[in-house]
Amino acid sequence: MRRLALTVVVAMLGGLALAADHNDPNSINSIFSDIDVSAADLYDMFGWPSDDGQNVILALTFASVPKTGVFDTDMLYRVNLVPNPRVARSAEGWSLDDLIHYADAVKDKYLHLKGAEVRVKVTTGQQAVVDFIDFPSGSFSKTVPTNRVLNVDAPDGTPIKVYIGGRDDAFFNDLPGFFRSINYAPQFYKVPLADGADRELKIPKTLLELEGNTLFNYDAAASEWGRPGGFKKDLPPGPHTWTGNRFAKDKDGNYRFVYSGKDAQAGRNVNAVILEIPLRFITRTPDRDRIVDAWGESWVLKAAHRIPTIPDRPRRSFFGRIGGFFHGLFGGKVNAYQAELARYKRIDTDGVPFADAALSEREDDRQLGATNIKLARTFVRRFGHLGWGFGPSVSALGVGTCFDHDNSPVSVYKTYALAIEAFPRVKKCLFQPMNMPDDSWNKKHLNIPLRQPFEIFIPNVNAIDMDTTGTWPFGRRLEDQVATRFLSVFLDMRAGCGGKPCNVETLSQQSLWDSLPISPKTPPNPLHNDKAFLDHFPYLADPW
Amino acid sequence: MVSTVGALYIVLTLLASGAVTRSSDYDAELQRIDTQIAEVRSGGEVGPDGLPRTTRLAALMYRRASLTADFAQLREAETAIEDALGEAPSAQLVLLRANFNFKMHRLQRARADLASIPELADRAAVRTLSAQIALQEGDYAAAGKAYEAVVKDVRSWDSLASLAYWRAHTGSAGAADALYLEAEDEITAKEMRSYAWVELQRGVLDFDRRRYHEALAHYRVAEGAYSGYWLIEEHIAEVLGRLGRTAEAVEMYQRVIERTRNPEFVSALAAIVARSDPARARALYAEADVSYEAQLRLYPEAAAGHLLRHWLARPESPPTRVLALARLNVAARPNAEAKLLLAKSCWKADQPAEARRLVAEVMRTPWRTPEIIAFSDEIRSARTAQR
């Protein structure tokens, strides 16, 4: 999950200074505990097939803490892999119940299915301990130096490429523009990142500035407001709402775009776990299992395991000891990996890009990774809320939207208590196939169905299709401009672009913006990374 | 002239003697905060996180003062908070002040602060603070309900620990320990001080049940988790005293006193050495008297209870003044513990009927501590003896 750098989190604060005269758990912490960027903060889960389609390339990136190429030794990172056959789903005429049933079925699968995992911890000597766990040929472990490209041979001889180290951040994005589109106060105002009220203000989401929305509209006299290295303003007294009724236009009659197209991530580094694994190592049936679901997790060592403690478990009975004996005989190494994980606490997950920022509202309790299934209703409601904002702004530009907003002339702030109320508005968006700009993604020209948003976002995994180039949503390649492609989810794929189909790259076309009554005339996000990617492993560019 | 072997011996001895000593976790944290304070003071008006300098300074100074429990530093922190509120008021700063007021036992002010930030009312931090205020006001039922409601919504380590404390003092020590254990499981290796604090509480649970060896074991774990913290060390000193390991207790108290000059520990050391070295005890008590008076001038509500215990532990203490202070303490925190101290003050001032009335009032609450039970037994035994 991509987070803001240098966020300030409001933490609970108790009240004891004096010698333990009453209960004060957080006696020392502060409301404004500065939580610097954490090594547990995951950024991106890239994944795509190698050019010959034989290998899966995976890159889990995260905050370069304590510094680029140096790893926090309390951390444990997991890249989870579940191979699947490709399933063609027809969601024609689906109801909300059908969607929930789909989510339940996927939940059951992920909660009970055992996939494989690559687990990485780094020692105090900055050696990476890489465990390959539960692959079809078994499990094995290697200790490797960090910041070096390595070829690791599995016990069965399978060559696996490994890189654990610092790289250039491969994410290129106008993040301030995105936050402007959702009226996200902490980006622009001195609002500590707290739960609730002062994050997304109760102003309609929008791609076009709202007339009179002085809380967020671009200020030419303060061009660095809300930008990296810029400044933030004091949040004026409330209410923090918008009472206008139309989009803003300049003197030329153009709408003002909330995006700038500038890369706010330029010049940044990440730490990364990068792997290139033959598909035949991930599944015994590579001809059948053409999809590899991948997601990343970050875990932090629990405090209790930093130091020797008093054993807390009660003494076992006679039968308890007998049971333990047999368990130890047959439990095997699998339990050792589970036991290791029990010493850690999961902090972050990453699968689909923007599933968190856009759809999960960054709430910590919604970071469930592949098991985000229980959030299906939340997603429908959230999609409805976003649709009332983005839908009218797409329509105002003369582009067709899949969201039913009753021809509203302006973005609307609306939330839903019930998914069933939102569903009719969003169902076309959720179930429309996402058109691709051409056939280059389908390099073998197979009968591969286009993906639909409901199956892209649930479960929250990077579903890599090995018979494609792995461009989003068939994976995620480094060069994919996923933020702009995410916005395309709100386009009418069937006939929204001048009566013709739109596609996932529509909003990245300069020609589109040149033709629209908008300023600046730019795709919302940069089209390329600040540094060229490598054409060989580890693919992400060298760090700055 | 020193031979080569001799020089090597000298070098090895120096190294072995710890000439190069490692900073404790506590000292390292203080140093980090000091460095951050210096950076904020010399930096721009707005930090990289977008917060104004005064706000950052207030937060850091509060954190430092909370760590040291130094009253002078707490006063500086309060000034910094007020300055920050004057320059760039925010709900978060008001919540910081609410916590400060609670810390200094100024419950009404803390309540008023919370009431002025209704937009934060749903936050777990605010709900827990409200529960803690209720507990200090003696509304144990409301406090318990509130703690449980927070835990139902947010099973964070601090909400679990808050509920654990309430359970520990309302007759469910076993449940309390289970909650503390669950709280520990939520704490990561990035929060060792928090872990140490919870482990300390587990030790206090055992201490209250007179399981001193078990208590010491927990305190040692806490010390291992977060070294050099006076709060842990003074608990270790206390339990060493109970275990009859007097010399070790004295040494530990001396170490803590050297670093904190906290009158509570000066007084505790005085009590230990009173029999063997009465002159030293008198000097220590005198030192504690002066420090306590200084604290009382700065924050009377916060100092009152501790000064009361200091006086009640000594055979010679001015009964009128003790009573006055005890009444001030109850006025600030009308809870069972404050009423117990008032009862003890009445007992010492030869007002047994009032003492008994207060104890009966305390026993009607669900709040139980070893001190409450012991004093209740004492005055009941005294009444029986009189008959």
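Chain A is the first sequence line, chain B the second, and so forth, proteins listed ahead of strands; every chain is numbered from 1.
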Undergrad: Between V221(B) and I307(A), what is the shortest heavy-atom contact and its length?
TA: O-CD1, 3.5 Å
Undergrad: Would you say NZ of K262(A) has more than 12 non-hydrogen atoms from neighbouring residues, nucleotides or ligands within 6.0 angstrom?
TA: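 Not more than 12 within 6.0 Å, no.
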Undergrad: Could you tell me which portion of K302(A) (side chain, backbone, both or neither) has an atom closer than 4.5 angstrom to a non-hydrogen atom of chain B?
TA: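 When you check distances to chain B, atoms from both the backbone and side chain of K302(A) fall under 4.5 Å.
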Undergrad: Of the backbone (N, CA, C, O) and the side chain (C-beta and beyond), which part of D185(B) lies under 4.5 Å from a heavy atom of chain A, both, or neither?
TA: both
Undergrad: Distance check, rounded to the nearest 0.5 Å: R306(A) atom CZ versus E191(B) atom CD?
TA: 11.0 Å
